[in-house]
Amino acid sequence: MSVRVAVVGAGAAGLCAARHLLSKPGTFCTPVVFESGTSVGGTWVYEELDEPIREKGVEPEGPERPEGHSRYRSHSSMYQNLRTNLPKEVMAFPDFPFELHLNSFLPHHEVLRYLQKYCDHFDVGPHVRFNTAVERVRPVVMETTDGKQRTEWEVTSSERSGSERTERFDAVFVCSGHYSVPHVPEIPGLQHFRGSVLHSHSYRRPEPFSGQTVLVLGARNSGIDICMELSTVAEQVFLSHRTPRLSFPLPPNVSQTESIDRILEDGTVALQDGRVLKADSLLLCTGYIFTFPFLHESDLGIDMQRDFVGPLYRHIMSPGFPSLFFIGLCQQICPFPHFHCQVQFCVAVLEGAVSLPSAPVMQQECRAWLEKRLSRGVQQRHLLRMEHEQWEYCASLSAEAGFKPLTPAIRSLFEEVWRRRREHPLQYRESNYRLTEEHWERAPSAGQRE
Ligand code: FAD
């Protein structure tokens, strides 16, 4: 009997899941891809905001949202001038290169166009149910005639019109993304801040900050990029962070400061080194949190926190339910190639081509991994950061599941760019890179050939 699969989300991960499921029509029924938005592409769908700056206060969004809150995503976190932080040669799915004529570092609309082409090329579109949000995914455990246990998944979805539907599937790919619910740090006295407070999730362009003094909190990818573009219009930008002091030259109107301690009653900002600053706007580039409002921890035997989900065997599946797959939870990875490997591993699990250890053995492996990370002093919020471990991880998935491993060229190019970004974060996008055709998994179609 063909396996019935639901995919939650039609961003890069969901499209990748559907593409690989569709490649095995003998094994899988055509998947149902649920997408709460109106188009494919997820993060890469740029949305204008009418009022980009909210007056004061950032409403915390997240699991504490009131019951019954719509599962429809508010807006994507893409800003107008974003260029990719990975070159297209590394960023692409290994079986579908970007067009050759494009530069290595791309504006967001080119990535969206690429994902739309991927969707068309693999004929995923007809299987996406747009404007349809998954409200609940629930395991139904049944006993088979030979006394074994078998899990089916009850997926309840709602259309924008309000109509609700519950269907049964044999497996679910959770590809709902994790860059749309802002992490808003506790800042004592935030209510006293007199200017506007905004999370990078709602930042679109620098112009509204012209002539202002802006305090940017957080100096990871978005923090640095946004700080640089603000410096072209703002009077002064303070880049406040707790990471080691950035050693590259910053524009003259950008100063690095300690992290924020609190907001004082007069609306000024007290820093952790005792300095006090006055700013017109506070821009929180403080990252995002995990939320899976359609899943219940108690159903699945896993802990779903804002910054960690586990135990998950291979960072993908609950040992008790190896037919519910989380794609793309890991951080500091090369996302599309990583999804490509995780998805193929899951497909092989469903086909029976990977024989999983027993649930207790999977639990034990997860525990050992966690203990090792914690004993190395890794903080909880960094547990899922992979960095250089991602390559061995992807290689082990491909070895076990028998699909083609990522070419070593992807790793070496990724690491070169990573290094250049650390050393020259303002210039690293100026170079173009090249991978030869032999590095692609299969010959691309005529229009995309080198
Ligand atoms: P998403 O793109 O978030 O897609 C999830 C989809 O699921 C969405 O369409 C959403 O509407 C849908 N969905 C969610 N919940 C439900 C539900 N309950 N029911 C139905 N549908 C649902 N990566 C790179 O490789 N290179 C870069 O340069 C890069 N830059 C980035 C810059 C920014 C500002 C951000 C935020 C991320 C960036 N990333 C980059 C990471 C990027 O998010 C990933 O590459 C990738 O696009 C994530 O895909 P996804 O499918 O996991 O999630």
Side-chain angles (χ1 to χ4, degrees), residues 6-18 32-47 69-93 98 104-108 110-112 114-115 118-119 128-137 155-160 172-182 199-204 220-226 285 287-288 290-295 326-340 342-343 410 414 417-418 421 428-429:
V7 178
V8 186
L15 294 176
C16 179
V32 178
V33 184
F34 295 92
E35 171 51 58
S36 58
T38 53
S39 51
V40 302
T43 300
W44 298 97
V45 179
Y46 174 75
E47 287 158 282
H69 189 287
S70 169
R71 306 290 179 238
Y72 292 100
R73 200 171 50 119
S74 48
H75 52 262
S76 118
S77 303
M78 200 44 65
Y79 47 91
Q80 193 180 49
N81 300 327
L82 180 131
R83 278 171 74 207
T84 56
N85 54 27
L86 292 174
K88 71 175 204 278
E89 292 75 9
V90 161
M91 194 172 150
F93 288 113
F98 278 86
S104 285
F105 294 92
L106 300 169
H108 56 76
E110 285 296 355
V111 182
L112 180 62
Y114 166 82
L115 290 174
Y118 178 86
C119 176
V128 185
R129 286 195 206 152
F130 293 107
N131 289 313
T132 308
V134 169
E135 300 287 346
R136 180 99 162 90
V137 174
V155 175
T156 304
S157 61
S158 70
E159 290 180 23
R160 269 180 205 266
V172 178
F173 282 72
V174 178
C175 303
S176 50
H178 50 83
Y179 292 112
S180 56
V181 181
H199 190 277
S200 56
H201 172 57
S202 299
Y203 171 85
R204 287 297 171 268
R220 300 205 65 83
N221 292 345
S222 298
I224 293 177
D225 281 353
I226 291 175
C285 297
Y288 295 87
F290 292 134
T291 59
F292 302 97
F294 48 89
L295 295 174
F326 292 85
I327 304 300
L329 288 186
C330 297
Q331 289 153 353
Q332 307 229 337
I333 50 161
C334 188
F336 296 4
H338 183 91
F339 301 162
H340 179 81
Q342 286 192 323
V343 161
I410 295 187
F414 180 94
V417 172
W418 195 265
R421 187 164 75 197
Y428 76 98
R429 292 185 177 98

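For ligands, and for the atoms within them, numbers begin at 1 and follow the listed sequence. Both backbone and side-chain heavy atoms feed into the values below; hydrogens, waters and symmetry mates do not.
When the options Glu89, Arg83, Lys88 are evaluated for a side chain to side chain donor-acceptor pair (under 3.5 Å) with Ser104, the one that passes is Glu89.
A donor and an acceptor atom, one from each side chain of Thr156 and Glu135, are nowhere located under 3.5 Å apart. Using modelled atom types, one finds no donor on one side chain facing an acceptor on the other under 3.5 Å when comparing Ser180 with Tyr288.
In this structure, the side chains of Leu106 and Tyr114 stay at 4.5 Å or more apart for every pair of heavy atoms. Two residues are said to be in side-chain contact when any heavy atoms from C-beta on lie closer than 4.5 Å; Thr84 and Met91 meet this criterion.
Residue Tyr179 has no N or O atom closer than 3.5 Å to an N or O atom of ligand 1. Considering backbone and side-chain atoms together, Met78 places no N or O closer than 3.5 Å to any N or O of ligand 1. Among the atoms of Pro335, none of the N or O lies under 3.5 angstrom from an N or O of ligand 1. The shortest N/O to N/O separation between Thr43 and ligand 1 falls below 3.5 Å. Not a single N or O atom of Arg83, backbone or side chain, sits closer than 3.5 Å to an N or O atom of ligand 1.
From Trp418, atom CH2 reaches atom CG of Leu86 across 7.5 Å, with rounding to the nearest 0.5 Å.
Salt-bridge check for Arg220 with Asp225: failed, with every basic side-chain N at 4.0 Å or more from each acidic carboxylate O.
By the 4.0 Å heavy-atom criterion, Phe339 is counted among the residues contacting ligand 1. Contact annotation: Ala133 has at least one heavy atom less than 4.0 Å from an atom of ligand 1. By the 4.0 Å heavy-atom criterion, Cys175 is counted among the residues contacting ligand 1.
Proximity of Tyr288 to ligand 1, defined as any heavy-atom pair under 4.0 Å, is not found for any part of the residue. Of the heavy atoms in Thr132, only backbone atoms (N, CA, C, O) come closer than 4.0 Å to ligand 1.
The closest non-hydrogen atom to atom 17 (C) of ligand 1, taken over Thr291, Val134, Val174, comes from Val134.
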